[in-house]
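In what follows, a single structure is set out as structure tokens and then discussed.
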Amino acid sequence: QVQLVESGGGLVQAGGSLRLSCAASGRSFSSYGMGWFRQAPGTEREFVASISWAAGRTYYADFVKGRSTISRDNAKNTLYLQMNSLKPEDTAVYYCAGGITAGAGTNAGDFGSWGQGTQVTVSS
């Protein structure tokens with residue numbers, strides 16, 4: 001089991017940027033894929049981006065492709081999500097997720113550990 005703590009959320013105007021971070025502890029961070037999901041009020045949690053254990057493979061949801069970059073620093077046990085050109089529809093709680101394999105999953109079932117989430121609010 002891995003413990004995950006997100007940070008970096010906040011209130012930003014449309015068109016702005018945020019960098020989310022996820023600090024991991026409790027198991028070998030570098031051996032597993034990682035991901036970001038989000039959930040807006042009244043909606044289901046949805047996939048945002050994922051990255052394989054050595055960052056050799058990344059996947060993005062269509063709605064963030066070209067605007068966001070997922071990365072990881074295995075020496076610091078930290079996952080990042082750089083989000084640019086933010087839109088009001090990006091408003092949600094963003095969750096860091098620890099994979100159950102070394103690959104980059106895209107479904108919630110590919111992840112076994114979840115952080116508490118960080119709120120991102122984009123004003124118009």
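Positions are given from 1 along the sequence.
- Using modelled atom types, no side-chain atom of Q13 and backbone atom of S123 make a donor-acceptor pair closer than 3.5 Å.
- For residues 30-67, the set of pairs meeting the ring-ring contact (aromatic ring centres under 6.0 Å, His included) definition, not counting sequence neighbours, comprises F37-F47, F37-F111, F37-W114.
- Interatomic distance, CZ of R72 versus SG of C22, reported as 10.0 Å (0.5 Å rounding).
- Within 6.0 Å of CZ in R57 there are 12 or fewer heavy atoms belonging to other residues, nucleotides or ligands.
- Here the shortest heavy-atom pairing between A14 and S124 reads CB-CA, 4.4 Å.
- Taken from CD1 in I70 to OG in S52, the straight-line distance is 9.5 Å, to the nearest 0.5 Å.
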Worked verdict on T101 versus D110 for side-chain contact (heavy atoms from CB on, under 4.5 Å): CA-CA 7 Å; T101 70; D110 297 324; over 6 Å; no
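- Counting all heavy atoms, side chain and backbone alike, K65 lies closest to D62 at NZ-OD1, 3.2 Å.
- Nearest approach of S71 to L79, heavy atoms of both residues: O-CD1, 3.3 Å.
- With sequence neighbours left out, D73 forms a side-chain hydrogen bond (donor to acceptor under 3.5 Å, both in side chains) with no residue at all.
- Side-chain atoms of L11 and Q119, non-hydrogen and from C-beta on, never get closer than 4.5 Å to each other.
- With values rounded to the nearest 0.5 angstrom, S113 atom OG is found 6.0 Å from L4 atom CG.
- If you chain together hydrophobic residues whose side chains sit under 4.5 Å apart, V12 and V48 fall into the same group.
- L18 and Y95 are assigned to two separate hydrophobic clusters, defined by single-linkage of ILVMFWY side chains at heavy-atom distances under 4.5 Å.
- The shortest distance between side-chain heavy atoms of L20 and V120 falls below 4.5 Å.
- Listed for the T118 side chain is no donor-acceptor partner under 3.5 Å among the backbone atoms of Y94.
- The two atoms that bring C96 and M34 nearest to each other are SG-CE, 3.7 Å, heavy atoms only.
- Checked by atom type and distance alone, the side chain of S21 never pairs as donor or acceptor with a backbone atom of G8 at under 3.5 Å.
- Of the possible donor and acceptor atoms, none in the side chain of Q116 sits under 3.5 Å from a partner among the backbone N and O of V5.
- No single ILVMFWY cluster, assembled from side-chain heavy atoms under 4.5 Å apart, contains both F29 and Y80.
- The nearest pair of heavy atoms linking S50 to A104 is OG-CB, 3.5 Å.
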V64 and M83: CA distance, side-chain angles, deciding distance, side-chain contact (heavy atoms from CB on, under 4.5 Å) verdict: CA-CA 8 Å; V64 297; M83 301 189 295; 5.9 Å; no
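- When every heavy atom of Q39 is checked against every heavy atom of A92, the shortest pair comes out as O-CB, 3.5 Å.
- The side-chain hydrogen bond (donor to acceptor under 3.5 Å, both in side chains) check on D90 picks up R38, R67, with sequence neighbours excluded.
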